[in-house]
Amino acid sequence: MKKEKILVTGGTGYIGSHTVVELQNNGYEVIIVDNLSNSSLEVLDGIASITGKKPDFEQIDCCDMSAMERIFNQYSDIKAIIHFAASKAVGESVEKPLMYYRNNLVSLLNILELMSKYNCPNLVFSSSCTVYGQPDKLPVTEDAPVKAATSPYGNTKQIAEEIIRDAIHADKNLKSIALRYFNPVGAHPSAAIGELPNGIPNNLIPFVTQTAIGIRSRLRVFGSDYNTPDGSAIRDYIYVSDLAKAHVIAVERLLENRNRKGLEFFNLGTGRGLSVLEVLNEFEKATGVKVEREIVGRREGDIEKVWADPSWANSELGWKAETSVSAMLQTAWTWEKALKNKK
Ligand code: UFG
């Protein structure tokens, strides 16, 4: 049976592409809208090689209202939107705040306006654990206070959640699920899609794999004096395909009218915190490859420790992160080696 059409903005990006795979594997028809600012057309081939189907693709910037409206006219039967398209580099957002506010918020405003206008009420929104800042209580639950953002990027996610809340308040037809991601890592087991960092990676895992393969001479461990057992910062690393699967469940929940309020929030994490040094240790154990490292000072804007209480997502969505740290790091390594072979 043919399932509904889902519009995926940012669908050639890292989390977006893994989600498109899961949607197609569950029989959904996917239309990707992406401006390719941080991804490439080859991702579509990767998706096709896994699922046997190339999704429809439109190279469009979500900030371009008339182009987006054309999509809603052309595909009149879009049943839900998953909105990934956004700029996501924390450091860059400090340098270029206006670009971040424009990209991340104008795109959302356009989508919400079109959802109302074209009676397409279901939105899954990519949010982030950054909205919690440094939580007072760990593991952090969805009702923890949203603290002042430490970067324009983080602020766009907080403001976006507020914009969605207000839009839903005004248009009772609209419904949304905001998924608050912890730290997504790894690649599809086929190594046909994965993370494609632009230039020098900011994030830990691509930097680790690039160091392991010899592109970088050593990893800098940012901070050794945090109030954690080994002094390095703690995060909740979640396998990207586990994260992707939660989007399929969220879409289903919206389509079947099972969300209880207009706007719901879910933490997508494993519930386990790992320090940077523990991640390096796990990577070396999982792959047998040594990662040269240097302990340096803290990175500005970093929080000390955060990990999820995912029990609300576990019970309400019936979703659970299943992949072990070792397995997710192995997929990241397989992907890095596959990238090398492509060059
Ligand atoms: N880290 C290092 N060395 C590096 C890179 C990172 O020690 O070279 C440390 C960081 O200091 C941090 C941990 O590894 O303690 C994880 O850092 P990431 O940059 O991978 O991820 P963040 O926790 O900083 O998360 C940020 C945002 C998220 C966003 C994510 C991905 O806070 O909202 O980046 O863009 F989703």
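Because the structure is predicted, anything quoted here is derived from the model rather than measured. Counting starts at 1 for both ligands and their atoms, following the listed order.
- With a heavy-atom cut-off of 4.0 Å, Leu204 touches ligand 1 through backbone and side chain alike.
- For Tyr181, no heavy-atom contact with ligand 1 is shorter than 4.0 Å.
- Under the 6.0 Å cut-off for aromatic ring centres, His247 and Tyr181 qualify, their centroids lying closer than that.
- Salt-bridge annotation for Glu256 and Arg258: present, with a side-chain N of the basic residue lying under 4.0 Å from a carboxylate O of the acidic one.
- Between the side chain of Ser93 and the main chain of Tyr153, a donor-acceptor pair closer than 3.5 Å is present.
- Counting heavy atoms closer than 4.0 Å to ligand 1, residue Leu219 contributes side-chain atoms (C-beta onward) but none from N, CA, C or O.
- Considering Tyr153, Tyr226, Phe207, Phe182 only, the shortest heavy-atom separation from atom 29 (C) of ligand 1 involves Tyr153.
- Considering backbone and side-chain N/O of Phe222, one or more are found under 3.5 Å from N/O of ligand 1.
- Of the protein's heavy atoms, Asn183 ND2, 3.9 Å lies nearest to atom 25 (O) of ligand 1.
- Contacts between Ile205 and ligand 1, counted as non-hydrogen atom pairs separated by less than 4.0 Å, are absent for every part of the residue.
- Taking Gln74 as the reference, Glu58, Arg70 meet the side-chain contact (heavy atoms from CB on, under 4.5 Å) condition, with sequence neighbours excluded.
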Original post:
Would Thr141 and Asp309 satisfy side-chain hydrogen bond (donor to acceptor under 3.5 Å, both in side chains), going step by step from the backbone distance to the final call?
Top reply: CA-CA 5 Å; Thr141 50; Asp309 179 339; 5.8 Å; no
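- Among Ile295, Asn203, Val306, the residue whose heavy atom sits closest to atom 30 (C) of ligand 1 is Asn203.
- The proximity of Lys157 to ligand 1, defined as any non-hydrogen pair under 4.0 Å, does not occur for either the backbone or the side chain.
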Original post:
Are Tyr237 and Arg272 close enough, and set up right, to give a side-chain hydrogen bond (donor to acceptor under 3.5 Å, both in side chains), and what steps lead you there?
Top reply: CA-CA 8 Å; Tyr237 296 91; Arg272 179 180 175 204; over 6 Å; no
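- At most 12 heavy atoms of other shown residues, nucleotides or ligands fall within 6.0 angstrom of atom NZ in Lys261.
- Counting heavy atoms under 4.0 Å from ligand 1, residue Tyr14 does not touch it at all.
- Contact annotation for Val276 and ligand 1: only side-chain heavy atoms (C-beta onward) come within less than 4.0 Å of the ligand.
- Scanning the protein for heavy atoms near atom 5 (C) of ligand 1, the closest one is Asn202 O, 3.4 Å.
- Protein heavy atom in closest approach to atom 33 (O) of ligand 1: Ser128 OG, 2.8 Å.
- A salt bridge is defined here as a Lys NZ or Arg NE, NH1 or NH2 lying under 4.0 Å from an Asp or Glu carboxylate O, and Arg293 with Glu284 meets this definition.
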Pairs of donor and acceptor atoms involving the side chains of residues 193-202, under 3.5 Å and at least two apart or interchain, shall be tabulated with distances.
{"from": "Asn198", "atom 1": "ND2", "to": "Asn38", "atom 2": "OD1", "distance (Å)": "3.2"}

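- In terms of protein heavy-atom proximity, atom 16 (C) of ligand 1 is nearest to Tyr237 OH, 3.5 Å.
- Of the protein's heavy atoms, Arg220 O, 2.7 Å lies nearest to atom 3 (N) of ligand 1.
- Looking only at side-chain heavy atoms (C-beta outward), Pro55 and Ile47 come within less than 4.5 Å of each other.
- Residue, atom and distance of the protein heavy atom nearest to atom 27 (C) of ligand 1 are Val90 CG2, 3.7 Å.
- Residue, atom and distance of the protein heavy atom nearest to atom 19 (O) of ligand 1 are Arg299 NH2, 2.9 Å.
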